[in-house]
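Written below as structure tokens is the structure these notes are about.
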Protein chains: 2
Amino acid sequence: MVTAVRVAPSAASRARNLLRTVQYTHPPSCPCHSNPSHHHHHRSPTLADHVRRHMATPVDPSRQKEYAFEMAASSIRFGPGATKEVGMDFANMKAKRVCIVTDQTVSKLDAMKQAVEGLTREGIEFTVYDKVRVEPKDSSRSVKEAIAFAKPYNPDAFLAVGGGSVIDTAKLMNLYTVFPDADFLDFVNAPLGKGLPVDRPLKPLVAVPTTAGTGSETTGTAIFDLVSKKAKTGIAHRNLKPTLGICDPINTRTMPSAVHASSGLDVLCHSLESWTAIPYNERTPRPTNPINRPAYQGANPISDIFSLQALRSTVKYLPRAVRDPDDFEAQSQMLLAATLAGVGFGNAGVHLCHGMSYPISSQNPGYKHSGYAVDHPIIPHGVSVAVTAPAVFRFTAASNPDRHLAAAEAFGVDISNVKRESAGEVLGEALANFLVQLGDQPRGLKDLGFKAGDIDSLVEGTIPQQRVLALAPTLSGELEAEKAELRGLLEESMDY
Amino acid sequence: MVTAVRVAPSAASRARNLLRTVQYTHPPSCPCHSNPSHHHHHRSPTLADHVRRHMATPVDPSRQKEYAFEMAASSIRFGPGATKEVGMDFANMKAKRVCIVTDQTVSKLDAMKQAVEGLTREGIEFTVYDKVRVEPKDSSRSVKEAIAFAKPYNPDAFLAVGGGSVIDTAKLMNLYTVFPDADFLDFVNAPLGKGLPVDRPLKPLVAVPTTAGTGSETTGTAIFDLVSKKAKTGIAHRNLKPTLGICDPINTRTMPSAVHASSGLDVLCHSLESWTAIPYNERTPRPTNPINRPAYQGANPISDIFSLQALRSTVKYLPRAVRDPDDFEAQSQMLLAATLAGVGFGNAGVHLCHGMSYPISSQNPGYKHSGYAVDHPIIPHGVSVAVTAPAVFRFTAASNPDRHLAAAEAFGVDISNVKRESAGEVLGEALANFLVQLGDQPRGLKDLGFKAGDIDSLVEGTIPQQRVLALAPTLSGELEAEKAELRGLLEESMDY
């Protein structure tokens with residue numbers, strides 16, 4: 001397998017495409033699939049092959065490809081009304097002192113009422129931190145304020161009630177309460193931070209999502225932006241994931257239609273990006289200690305199941321959920337899809353759409369998305385992610401045409417007579433149509449106010465997202481070439 | 001929803017079939033799906049409906065149907081050679097004193113060598129308990145011996161290396177080391193035991209399966225038989241599940257072909273039974289505390305994904321894994337399928353095949369399955385489960401023809417022109433053909449040595465399996481009628 005990374009790029013990418021085509025028909029359960037000869041000779045590898053490839057002492061792990069994947073997800077409870085059980089959950093885990101994390105808007109909603117009543121009924125002491133800000137300009141500042149609040153209270157458990165920002169903030173309050181002496185950057189993803197693994201179990205965290213989007217209730221990821229480094233980054237480790245996610249479809253009914261739409265587009269890209277990410281056994285380096293195996297490890301046979309199911313549900317139910325505020329079934333299915341996509345990307349990763357979305361949101365020229373009741377310009381996360389999707393999947397299709405065709409099929413395209421070379425065209429068009437029909441979406445970066453002159457700084461803002469770019473198929477990996485490829489994607493995304 | 005359980009059986013079952021037909025096309029994400037009127041009027045329930053149905057104070061929980069489901073699974077690491085990481089895993093969790101659980105056969109295999117070397121390399125103290133017996137006549141006795149060994153050693157973590165019996169025994173050693181004063185029957189499933197919930201977290205348990213069958217590495221279930229009560233039973237609670245399952249396809253290569261076959265048939269039935277179990281929102285009673293929500297909760301939208309994928313993989317790869325000992329890809333895929341099926345049935349449950357398999361194995365008239373190197377008669381678990389499968393799914397098809405047709409399709413049957421009334425016939429035949437083509441399988445209870453006169457005692461041995469029978473669709477639920485139905489299934493299973 002070491003040799004595989006030494007062969008010429010063109011041959012390597014041909015090999016990878018071949019590999020991933022096969023992987024589509026039967027997902028890799030073993031890194032021998034990354035040995036192209038296996039597919040040429042149509043013979044199954046023998047134990048001897050394995051001993052040769054796996055049992056031999058590693059030559060140089062940094063050059064070696066991954067050979068295993070690890071799936072971890074929070075326990076998930078799903079059901080309308082399940083929020084009222086949360087007090088009993090904390091009583092069952094013998095919690096004495098709970099820190100509830102929420103934001104100003106959610107603090108007034110029924111979900112919070114249920115949570116507070118539940119804890120009160122069980123006679124459990126709690127305090128409420130309701131100052132989380134949604135997609136603020138410098139979320140790391142608001143995160144640090146939240147951590148400063150949690151440390152002195154020193155709770156023995158956390159309860160997050162809200163959207164992705166709230167749940168992510170609660171994860172970080174939990175992390176830095178357990179590691180009170182750690183420097184904030186210690187756990188932040190490299191290269192911006194030290195990217196240290198979370199090598200101690202955290203305190204119990206129960207997450208009650210009030211939006212159907214981030215899937216944060218199932219993942220070990222917390223995203224925020226570091227204005228100091230002019231980049232959106234985060235902390236990602238399995239030990240960060242909530243103990244339990246309580247998905248109560250009644251709690252997402254309070255979302256305005258515009259929030260349904262943009263959070264649903266986040267789900268759409270989570271599923272598409274994790275489904276098309278490089279296979280786990282193409283990722284380098286192979287970790288020398290399992291604790292260093294990243295959660296964003298590339299597509300694998302288990303994340304694939306979640307990602308494709310979430311994609312199909314989103315295509316089917318998101319338009320209904322956006323159109324009809326009384327369509328409770330569609331809203332319930334979208335909450336489920338958001339959670340399934342969370343398990344998918346939480347164990348496989350996202351790539352180009354998310355990588356470029358961070359600078360798009362933070363370099364917002366002044367766009368204020370309709371239907372968002374905020375007093376400042378905002379490009380909602382889901383909108384900034386979806387705006388490049390048509391260009392992105394046109395670009396990535398060559399890496400694995402069959403997977404991209406399967407995605408197009410999920411959009412209802414009849415692919416029976418589509419050539420594999422056209423996979424990107426077909427999927428890109430299906431995506432563009434989906435976005436247009438969803439309504440109220442920008443038809444490209446132009447509609448967000450970006451000019452041709454902004455593209456270079458968007459590229460510069462994307463380059464630091466190595467953790468996700470590393471999972472992008474067909475990206476060359478060499479810095480200058482990569483910048484050119486990103487520039488091309490952003491130019492193509494100016495309008496669709 | 002209370003009214004739904006009061007209507008006449010025929011109407012209720014019509015309603016259920018209607019419900020489950022719809023559920024098949026879009027799985028229930030909300031108990032309102034069990035309100036037939038929803039499907040008659042084709043209108044989505046409104047929040048008002050929900051407030052009426054869910055937020056109102058429960059009339060009588062024991063009469064009320066479930067409204068939520070909870071998914072929990074162990075973390076899973078999958079990859080050839082991953083066993084050698086296990087020492088680092090215990091070092092990462094700061095374990096100081098590990099109890100390794102295995103059996104006489106596995107203790108000599110490379111999997112154990114890897115585990116012992118891994119712990120030694122990390123300088124972690126450990127002891128080995130290698131006296132677990134595979135499918136013994138009274139496993140509760142051997143389980144109690146194992147517990148008596150673990151208590152004085154008082155490890156801070158457990159490592160199970162072996163098949164289902166080994167992993168299940170390790171779960172019980174862990175449980176009763178954490179609850180040293182508990183009576184053995186306290187946690188055993190009712191009605192045989194008290195069925196108390198496991199209300200404290202257990203010590204870390206890492207499971208390294210050496211067979212591709214039970215999926216025990218992902219579940220909170222431990223099965224054993226109580227000769228005192230002449231029944232196979234077990235303990236099932238989410239807190240019993242391993243911390244991590246290390247699925248290393250190299251470890252299953254040591255399985256003889258006959259063990260590949262019978263453990264694969266266990267996977268086949270896990271997936272088919274969980275896929276066809278009653279929907280979670282048809283189960284009663286609704287738990288008044290989430291800790292009492294059973295792991296065997298009925299089919300739900302997440303277990304469905306796992307069960308159907310596991311079924312498809314098993315049909316595709318089991319015959320190859322049995323035929324060719326060098327087909328490493330098929331063996332890897334079967335290990336993955338076993339784990340996926342484990343997540344499926346571990347969160348949905350099994351029903352009739354497993355319910356009847358317990359008396360079939362324990363009342364063995366003297367059958368010794370070929371290819372099993374044991375000195376006593378044995379009906380391997382997978383064989384005892386599969387032998388009734390053709391009859392069982394003929395019987396259950398009426399509850400949800402579309403799901404049974406989807407299962408038949410997974411066997412390669414072209415269902416495009418099959419009538420829904422014929423779903424059971426078609427699936428039963430597909431199953432029988434699959435078993436015959438797999439080879440070396442009994443063609444019914446007759447081949448196992450059972451006579452018509454044995455059926456009554458097989459029925460008597462099945463009746464105590466209420467925990468699984470409660471999940472069987474189309475079973476009447478009234479004792480005498482249920483006995484007649486079981487008798488019918490066993491008679492039909494005498495030969496196929």
Side-chain angles (χ1 to χ4, degrees), chain A residues 26 29-33 44-47 49-50 53-55 66-73 75-82 84-85 88-89 92-94 199-201 238 244 249-250 253 281 289-291 293 300-302 305-306 309 316 320 324 326-330 332-333 335-336 340, chain B residues 26 29-33 38 44-47 49-50 53-55 66-73 75-82 84-85 88-89 92-94 199-201 238 244 249-250 253 281 289-291 293 300-302 305-306 309 316 324 326-330 332-333 335-336 340:
Chain A
H26 48 77
S29 67
C30 139
C32 288
H33 288 239
S44 305
T46 65
L47 181 55
D49 298 322
H50 278 275
R53 295 206 194 91
H54 309 298
M55 310 305 279
E66 178 61 281
Y67 73 109
F69 65 91
E70 183 162 334
M71 287 292 302
S75 293
I76 291 298
R77 184 182 305 150
F78 189 100
K84 64 178 176 306
E85 298 182 354
M88 289 183 271
D89 288 312
N92 293 339
M93 59 180 83
K94 319 261 188 299
D199 61 0
R200 244 179 286 159
R238 290 179 186 83
L244 172 67
I250 292 175
R253 295 200 55 102
N281 53 358
N289 183 317
I291 204 172
R293 182 166 284 124
N300 62 72
I302 302 184
I305 303 171
F306 284 88
Q309 178 62 41
K316 181 173 180 186
R320 280 174 49 182
D324 176 4
D326 277 337
D327 191 340
F328 188 79
E329 185 205 352
S332 301
Q333 292 286 356
L335 179 58
L336 183 63
L340 296 179
Chain B
H26 48 77
S29 66
C30 139
C32 287
H33 287 240
H38 162 43
S44 305
T46 65
L47 181 55
D49 297 323
H50 277 274
R53 295 205 194 89
H54 307 299
M55 310 307 279
E66 178 62 278
Y67 74 110
F69 66 91
E70 183 163 335
M71 287 292 302
S75 293
I76 291 298
R77 185 182 305 149
F78 189 100
K84 65 177 177 305
E85 297 182 354
M88 289 183 270
D89 288 311
N92 293 338
M93 59 179 83
K94 320 264 190 294
D199 61 358
R200 243 180 285 160
R238 289 178 186 83
L244 172 68
I250 293 176
R253 295 200 54 102
N281 54 357
N289 182 318
I291 204 172
R293 181 165 286 124
N300 62 73
I302 302 184
I305 303 172
F306 284 89
Q309 177 62 40
K316 181 173 180 185
D324 177 4
D326 277 336
D327 191 339
F328 188 78
E329 185 205 353
S332 301
Q333 291 287 355
L335 179 57
L336 183 62
L340 296 179

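Below, chain A is the first sequence line, B the second, and so on; all start at residue 1.
A distance of 10.0 Å separates CD1 of I302(B) from CD of Q309(A), quoted to the nearest 0.5 Å.
Residues meeting the side chain to side chain donor-acceptor pair (under 3.5 Å) test with D199(A), sequence neighbours left out: none. Listed by chain and number, the residues in a side chain to side chain donor-acceptor pair (under 3.5 Å) with E70(B) are R77(A) (sequence neighbours excluded).
Within the 4.5 angstrom heavy-atom criterion, only side-chain atoms of R293(B), from C-beta onward, approach chain A.
Contact detail for A72(B) and S75(A): the closest heavy-atom pair is CB-OG, 3.4 Å.
Ring geometry for F69(A) versus F78(B): interplanar angle under 30°, hence parallel rather than tilted (30 to 60°).
Chosen from L335(A), N289(A), L340(A), I305(A), the residue pairing most often with chain B at heavy-atom distances under 4.5 Å is N289(A).
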